[in-house]
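Take a look at this one; I'll ask things after.
Quick note on labels: first sequence line is chain A, next is B, and so on, each numbered from 1. The figures that follow rest on heavy atoms only: side chains count, while hydrogens, waters and symmetry mates do not.
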Protein chains: 2
Amino acid sequence: MFSMKTKYAIKALIRLAHKRHNGPVLIADLSVEEGIPKKFLENILLSLKNEGMLASRKGKGGGYALLRRPEDIRIAQVVQLFDGPLAVPSCVKMSMVRSCNACGESPQCGLRLVMAELKESISGCLDRLTLLDLVLESEEPVFDPVI
Amino acid sequence: MFSMKTKYAIKALIRLAHKRHNGPVLIADLSVEEGIPKKFLENILLSLKNEGMLASRKGKGGGYALLRRPEDIRIAQVVQLFDGPLAVPSCVKMSMVRSCNACGESPQCGLRLVMAELKESISGCLDRLTLLDLVLESEEPVFDPVI
DNA sequence: TTAATGACGACTATTATAGTCGTCTATATT
DNA sequence: AATATAGACGACTATAATAGTCGTCATTAA
């Protein structure tokens, strides 16, 4: 459903959100903690940086950090970055990515209905979710020790 | 979003539904009418037949026909046939297809939330739609000629 | 100056997709 | 029976995407 890049990116973002008050995080640490191949993670983080979600610093004491607040990072943006825009036929979406290959743009093509409904479902879901939602979900359960 | 097989299958099913009272339809005709490579369409129709959606007859006067009523053919079943089951991590779905590669099954993996919500959205959408819905959508507009 | 650390282009291996080709089998018609 | 018609089916191929890897360079702090 998602490419590994997208999945790794989301996991890395969650981790960075958790650690966001501890200074820059090393790629190497993220790699080990999340089980993501280091060189691969490098590319991913760089993309996220270019997208304006992360900041980085080279040299000793360097690393990566969240640049925006978790509630301002939409999951839809991450997915789009790595998996590209939802492949919806141009008949459904005006800002078309490529022309529809299956239906010949016929105004009655029955595929349109499925694609349109699906697009609505998926983007509704991904647009609504932010990094904050995932961070809260993945929070360690809080034990309130009695005494 | 969908493979060509899935898209072609849906288009062929819609066409077969439209023609379902005219006797068997030739692969060659379907191929031309929908712009689907003939040999490729062959495979697709055969899969749909094995799935119990179509019947076929060899020899002269043969061809393919819908075996079930359009309202009894779920789009979800077509998509699943060609694109496989939604790749949802095993942590989300008990009937797991393959174990989750990205999250290590951790009960707090933040990916779970996205995957779970997305699966809910998508299968809700595809389970609800039947071939009948698409047929109605793709019906030629009816002209009621005055006189 | 040096060690630490990210930046980045180029490369590779594996897999999935979207077909194609050739031949075989079943059926209706004559 | 012979023949033309039509689907069945296994094997093959070409292209592209995915999931990485490798080597080297550029920055920065100490």
Open item on the list: Here's a test for you: under side chain to side chain contact (heavy atoms under 4.5 Å, CB included), which of A/I14, A/L131, A/L16 qualifies with A/P70?
Closed with: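 For A/P70, the side chain to side chain contact (heavy atoms under 4.5 Å, CB included) check succeeds only for A/L131.
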Task: Euclidean distance, atom CG of residue B/N43 to atom P of C/dT17 [Å, nearest integer] - done: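 In whole Å, C/dT17 P and B/N43 CG are 14 Å from each other.
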Open item on the list: How many whole angstroms separate atom OH of B/Y8 from atom C1' of C/dG19?
Closed with: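 My rounded result for the distance is 9 Å.
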- [ ] Check every atom of D/dC9, C/dT5, C/dT27 against the side chain of B/K39 and return the nucleotide holding the closest atom.
- [x]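 Among the listed nucleotides, the one closest to the side chain of B/K39 is D/dC9.
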Open item on the list: Is it the case that the side chain of B/S31 and the backbone of B/I36 share a donor-acceptor pair, with hydrogens and angles ignored and the cut-off at 3.5 Å?
Closed with: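 Yes; judged by distance alone, with no hydrogens or angles, the pair exists.
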- [ ] Take atom CZ of B/F40 and atom P of C/dC21, then tell me their distance rounded to the nearest Å.
- [x]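 Distance check: B/F40 CZ to C/dC21 P gives 14 Å.
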- [ ] Looking only at side-chain atoms of B/K60, point me to the closest of C/dA28, C/dC21, D/dG23.
- [x]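 So the side chain of B/K60 is nearest to C/dA28.
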- [ ] Compare the minimum distances between each of D/dC9, D/dA29, D/dG7 and the side chain of B/L26, then state the nucleotide with the smallest one.
- [x]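 My answer, after comparing the listed nucleotides, is D/dG7.
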Task: More than 12 heavy atoms from other groups under 6.0 Å of CZ on B/R69 - done: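 Not buried by this count: 12 neighbours or fewer within 6.0 Å.
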Task: Exceeds 12 heavy-atom contacts within 6.0 angstrom, atom CD of A/E120 - done: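 For A/E120, atom CD is not crowded (no more than 12 foreign heavy atoms under 6.0 Å).
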Task: Atom pair distance, as rounded to whole Å: CD1 in A/I27 and P in C/dC8 - done: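 After rounding, the reported distance stands at 12 Å.
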Open item on the list: So B/L45, base contact, sugar-phosphate only, or nothing? Heavy-atom distance under 4.0 Å.
Closed with: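 Nothing, no heavy atom under 4.0 Å.
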Task: side-chain N/O A/R57 vs C/dA4 OP1/OP2, d < 4.0 Å - done: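 No, outside the criterion.
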TODO: Calculate the interatomic distance between B/K5 atom NZ and C/dA18 atom P; express it in whole Å.
DONE: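 Interatomic distance, NZ of B/K5 to P of C/dA18: 9 Å.
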- [ ] Identify whether any heavy atom of A/K38 sits under 4.0 Å from a base atom; if not, whether one sits that close to sugar-phosphate; answer base, sugar-phosphate or nothing.
- [x]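 Contact class for A/K38: none.
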Open item on the list: Using whole Å, what does the distance between atom P of nucleotide C/dG6 and atom CG of A/L16 come to?
Closed with: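 Atom CG in A/L16 sits about 11 Å away from atom P in C/dG6.
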Task: Of B/K58 and A/K58, the one whose closest DNA chain C nucleotide lies more 5' - done: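 Looking at the nearest nucleotide for each, A/K58 comes out on the 5' side.
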- [ ] Look at atom CZ of B/R68 and say whether more than 12 heavy atoms of other residues, nucleotides or ligands are closer to it than 6.0 Å.
- [x]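 It does: B/R68 CZ has more than 12 such atoms within range.
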Task: Minimum-distance nucleotide to B/S3 side chain [options: C/dG19, C/dA18, D/dA19] - done: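 Nearest nucleotide to the side chain: C/dA18.
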Open item on the list: Quick check for you: among D/dA19, C/dG6, D/dC9, whose closest atom lies nearest to any side-chain atom of A/Y64?
Closed with: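 Comparing D/dA19, C/dG6, D/dC9 against the side chain of A/Y64, the answer is C/dG6.
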Open item on the list: Using OP1 and OP2 only, check whether a side-chain N or O of B/S56 sits under 4.0 Å from D/dA6.
Closed with: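 Answer no for this pair, as no side-chain N or O of B/S56 is under 4.0 Å from OP1 or OP2.
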Task: For atom CG of A/L48 and atom C1' of C/dG6, their distance in whole Å - done: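 One finds 14 Å between C1' of C/dG6 and CG of A/L48, rounded.
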Task: Nearest-Å distance for atom pair CE/P, residues B/M1 and C/dT17 - done: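 Those two atoms, CE and P, are 16 Å apart.
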